[in-house]
Number of protein chains: 2
Amino acid sequence: MPSSDFTVYPHFWRATRLFPEKEIVSRGGDGQGTHRYTYEAFGERVHALANALSELGVERGSRVGTFGWNHHRHFEAYFAVPLMGAQLHTTNVLLPDDHVEYILNDAGDDVLFVDPGEPFRTIERLWDRLDTIDGIVVMGEERPETALPCVSVYDAVLEEHDEAFPWPQLPGDHPAGMCYTSGTTGRPKGVEYTHEMIYAHSLMAIAPVTFDVDESDVVMPVVPMFHVNGWELPYAASVTGAKQVYPGPSPEPADLARLIEEEAVTFTAGVPTVWINLLEHLERADADLSSLERILTGGSAVPESVMRRYDEEYDVTIEHAWGMTETMSVGSYSRPKSHMRSASAEERYAIRQKQGLLSPGLVMKVTDDDGSEVPWDGESFGELYVRGPTVVDEYYNQPEANEEDFEDGWLKTGDVVTVDEDGYIEIVDRAKDVIKSGGEWISSIELENELMKHDSVVEAVVVGVSNDRWQERPLACVVRRSDADVDAEELRDFLGRTYPRWWLPDEVVFVDEVPKTATGKFDKKVVRDRYEDAELRWTPGG
Amino acid sequence: MPSSDFTVYPHFWRATRLFPEKEIVSRGGDGQGTHRYTYEAFGERVHALANALSELGVERGSRVGTFGWNHHRHFEAYFAVPLMGAQLHTTNVLLPDDHVEYILNDAGDDVLFVDPGEPFRTIERLWDRLDTIDGIVVMGEERPETALPCVSVYDAVLEEHDEAFPWPQLPGDHPAGMCYTSGTTGRPKGVEYTHEMIYAHSLMAIAPVTFDVDESDVVMPVVPMFHVNGWELPYAASVTGAKQVYPGPSPEPADLARLIEEEAVTFTAGVPTVWINLLEHLERADADLSSLERILTGGSAVPESVMRRYDEEYDVTIEHAWGMTETMSVGSYSRPKSHMRSASAEERYAIRQKQGLLSPGLVMKVTDDDGSEVPWDGESFGELYVRGPTVVDEYYNQPEANEEDFEDGWLKTGDVVTVDEDGYIEIVDRAKDVIKSGGEWISSIELENELMKHDSVVEAVVVGVSNDRWQERPLACVVRRSDADVDAEELRDFLGRTYPRWWLPDEVVFVDEVPKTATGKFDKKVVRDRYEDAELRWTPGG
């Protein structure tokens, strides 16, 4: 009975009609300058792009891929593609070739938008192995040297179109977006977003309890636009009419510092590594971060020391959130409740370190191996299940994974969590990473975080290694500071101050680098494979 | 592809699970004390109520009416009824008998919740004319003296049930609510709300650009719960986990002042009359309003002088909004844009007096008689059309009204507005009230507002009277201050300082009282009928 437009259209309308003069700023790569235009001009380009795509054969139901960084052309595709009834499928430019090949063929993209430079070279290299793409649009001004057929240049094709596109009326359940899970275990899996999901997520995301942004903010999505639609920030920011700043290809810390200062960014978002690197950069270089109020981070835990430094040195609040490709980014957000205002700084940091309260509009439960709900006491572990209108209920083309990862309308997140009396979720481990030792669970993440508190440790990853007697036992893989000579026994003793004997890793190996996935997470699959037959020096007994 | 729960369930889950200790406070009527309990206890009563209703024969698809004020029992029904798959139909207790009879029979309510006292006596009086109701639940503790059959007592039936109700999984388009338009012209018309409409409206309503409320707020819905679901405030406040304060039956200004002070209310909402009356009360009585930050008002324009007094004397911001039963309350909200921060106080009041920017998630257009969009220049008039997922696309059982009031997915609001360069809507008139004189439009509301600026005028209503030569001509109907002797010519001269000669009313009549509708609006239909054959003293020429 609602009249219409359970789609991204109202968000597009609002941005371009109510805030036509607000700016979209986009850092160019490869020596290109900064691009700057208004929402009004952006809106005209979105119409032009839809016309151009139409000429390339894209129609309602087509799937249009993108393979690029955060910039205004990519942002134009975020609206033009779903508004015309096609589906926007973003692919991670940092993935290994065979993942890219698999994902593009699995999704069956019809047309692909590609950034010039490295991303274009990747597609060129893979071209003979891509089955479905019959049009490449290079997101730039110039045609690259190439032998590929069917390559057009984004700015050139847009120039030929200045008429208004007749947007179709679409039902809310029409496909609008598609992303693939990062696949730390197994093949990447496709997740499809409908129009009404993006509509609802955008409203949920701007709420005071979530991003809390409005038109007075200046929003900079550093999280790549190929990663869960840039955590949906481009859509959420558009609803508000906020000025948006896109940091372009492979932004360095110096680029981010400059953009924050020059564009007066108030709210930004990205994984912890980005903010740790920015902090290091700021030790060496001057920058004015006074406009910046808050940084949203997630994907992995940001160390408390980093939160404190941003608070104390820059008056910037780091806000933790949790989400997955399957939950359209924001599944929970950590803000202290009002009754915690009088809590000590320590208590507030402890809360802010957690993944937070489930987002408005969702429902969750946390259950143990028997399917019983665990008490909300901040200690009992269980797997987190979530459901709601912004959570998917299946993977694309993956009946087996659907069997495994969904249950009676619930998404089994694979995250092992505690929930405290106030309802704050804390991730203890991935269900697949939790170490099952003698019928009890050991959190690999807790051991890693504790190890990383040691002055001599740069990075640490802990995995379970098969063990006949105990089922699994922990092994730690540690990167030392270059000037440190800490040894395995010292680290075990260090852990022993906080954890019981049976939690201590039965082996500690030192490495130069921890293997990482294309999205920068520890690749525990690789670590597990490498050490599956490792000899362990210790036993739980001592 | 979203998993589930495009319903009010996630909002209920969030309130009761994440904020179990937050309070719901409810002022009793008829000498009853204040009722106070937690969201957790509320949640248990919602389960009990669903079980009780089930026993009364209510099932998925049933329609459950309510006929009462703002209190915790009514609030319990707001969740229990839709969660069990039935539809909550709220009816205005202030309507004349024949409207109540018409509405209850048109909706075909199966069971009716009724407040004790006057509302119960109304239903008793009408009982023989009500066709479909086979159960009455009196929202109180005691059974009233009555000869009516099938009467049960709310608290008594709840006491018999303490088990958890097995909420069904419902699709998003399942009916959840129903309200009738106030019917200033013609019969009241039923408007149905689905679950996904309430889900989306609640998220839109809590946004920083709209209510901007979170868990730290204390929210008091003064707007009656029978009026567009209390402007949807009970649902929106529940999503946030804010403490809620319900002011009970027929609250007086003294009750509101006391509740604000004692419960530390931060955000409240109601029609302008409520806040004008509160201001008068505060002239005579002491009250501490220091907790109160903002008042949402709508339905008609609040005088600028009232806004100023709240600002200056109480540091309380009055916020204007616009909405209709057909738009689920909030269709627009007036907050100055960030670039207006440096504007003068006068300019900011001028903006705050407008109805504001269209709410996130909606789309609008403003067209003239030919269907052409009017320019956004703050001067050109046109009728406001809106559409979106929280706007209905039909009336219940009203094929003719549907023909008239909806067009290609748009709701024709019947409001004549201007839109300024920033996109702010200002209501100039109701389409049915605008006076069509010689092919030009005269705004009756502008003349009324201008007349009410005159020191001697208490209230003024202006209507169009048929005129052979000009089609229509304005007639003003004015209530003078008791000690004033202003005459018609003086008022015409007063208007003439601002408006052209042809806008001036051709007749000014003085009356003791302006006829009003049950919701407190000027009843222009009655005024028009009364003066349709009036002799007019003047002509546009002079």
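The basis for the numbers below is simple: all heavy atoms, side chains too, and nothing from hydrogens, waters or symmetry mates. Each chain gets a letter, A, B and so on, in the order the sequences are listed, and its residues count up from 1.
With respect to chain A, the highest number of heavy-atom pairs below 4.5 Å among B:L203, B:T240, B:V419, B:V239 belongs to B:L203. Between chain B and the residues A:V8, A:D422, A:V363, A:T7, the largest count of heavy-atom pairs under 4.5 Å involves A:V363. Put simply, of A:G172, A:S216, A:P208, the one with the most heavy-atom pairs under 4.5 Å next to chain B is A:P208. For the set B:R17, B:H11, B:M204, the count of heavy-atom pairs under 4.5 angstrom toward chain A peaks at B:R17.
At least one donor-acceptor pair under 3.5 Å links the side chain of B:E215 to the backbone N or O of A:S338.
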Test side-chain contact (heavy atoms from CB on, under 4.5 Å) applied to A:R387 and B:Q169, step by step
CA-CA 12 Å; A:R387 59 180 220 228; B:Q169 273 286 340; 3.5 Å; yes
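Between atom NZ of residue A:K337 and atom CG of residue B:D214 there is a gap of 12.5 Å, rounded to the nearest 0.5 Å. In this structure, the separation between CD1 on A:I206 and CD1 on B:I206 is 9.0 Å, given to the nearest 0.5 Å.
At a 4.5 Å heavy-atom cutoff, A:R335 makes no contact with chain B through either its backbone or its side chain. Of the two parts of A:R14, only the side chain, counted from C-beta on, holds a non-hydrogen atom closer than 4.5 Å to a non-hydrogen atom of chain B. Contacts of A:S359 with chain B are made by backbone atoms alone, with heavy-atom separations under 4.5 Å and no side-chain atom involved. Only the backbone of A:L362 has a heavy atom closer than 4.5 Å to any heavy atom of chain B. Contacts of A:M328 with chain B are absent, with no heavy-atom separation under 4.5 Å from either backbone or side chain.
Counting only heavy atoms from C-beta outward, the side chains of A:Y424 and B:L18 never approach each other to under 4.5 Å. Counting heavy atoms from C-beta on, the side chains of B:F19 and A:L357 come closer than 4.5 Å. A 4.5 Å side-chain heavy-atom check between A:W13 and B:L358 finds at least one atom pair inside the cut-off.
Considering all non-hydrogen atoms of both residues, A:F6 and B:A200 come closest at CZ-CB, 4.2 Å.
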